[in-house]
Amino acid sequence: MKSIIVVSGTPGVGKTTLAKLLAKRLNFNYIHIGELAKRIGAVIGYDKERKADIIDVEKVSKYLAELKPDKEIIVDTHVVEAIPPEKVKKVIVLRLDPRKLYERLSERDYPADKIAENVESEVLGACYIDSVKHFGSDKVAQIDATEKSIEELAEIVSHIITENLRYNEDIDWAEKLGNNLAEFLTKIARARFHR
Ligand code: DAT
């Protein structure tokens, strides 16, 4: 049975860039869950505030569970509930220093609310926690992408996948930001009210 490799993480951490490069290098199929949902009619609404499609996670999960692909698949998503855990071999969770994430998201055409929400969820490690809950800690590999080039990341992750390695970097942004955390979060929260 061909399995699924999930690349997850807060929007802006570099999932799509890495997942596409990995698919090319390893000769795997690439699936972006947002695009797949559109293609199979699993978009059930639009969240105006977040400027994002609302996905029928059960429909997508069922579709992936029944898929009989000719190759392994790299799935690009932060919506882990849309992936059937029994099909998954490895989950790569990319993490990014929240200050860098804030810069990246500010360069995108993102509403201030969405930026704040994503940065806060990166501080808390929400995608990592969700992944561990959904897939189990054995399958989840957490990587700090902050100081790594795309090439470096692809090299590390290729090894993790092909050799099925256990890998987990100890990441705690609250600890890293220390005394600057409160000031940083206040700055982001304020931006919400100055639209
Ligand atoms: P995501 O799919 O998680 O939303 P992305 O792949 O679209 O993220 O990347 C967001 C931006 O960051 C994009 O302009 C490419 C850049 N980027 C991604 N990974 C990077 C890395 N390791 N080093 C430098 N820039 C990176």
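Counting starts at 1 for both ligands and their atoms, following the listed order.
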Can we say K62 and E66 salt-bridge, meaning some charged N sits less than 4.0 Å from an Asp/Glu carboxylate O? yes
The criterion is salt bridge (Lys or Arg N to Asp or Glu O under 4.0 Å); which residues satisfy it with D130, sequence neighbours excluded? none
Side chains of D97 and Y102: is there a donor and an acceptor less than 3.5 Å apart? no
Do K89 and N164 pair up side chain to side chain, a donor and an acceptor below 3.5 Å, judged on atom types alone? no
Would R25 and E151 pass as an ion pair if we require N to O under 4.0 Å? yes
Separation between OG1 (T10) and CG (L105), nearest 0.5 Å, reads 8.5 Å
Sort out the contact shell of ligand 1: every protein residue with a heavy-atom distance below 4.0 Å, listed by chain and number. T10, P11, G12, V13, G14, K15, T16, T17, R104, R108, K148, S149, I150, L153
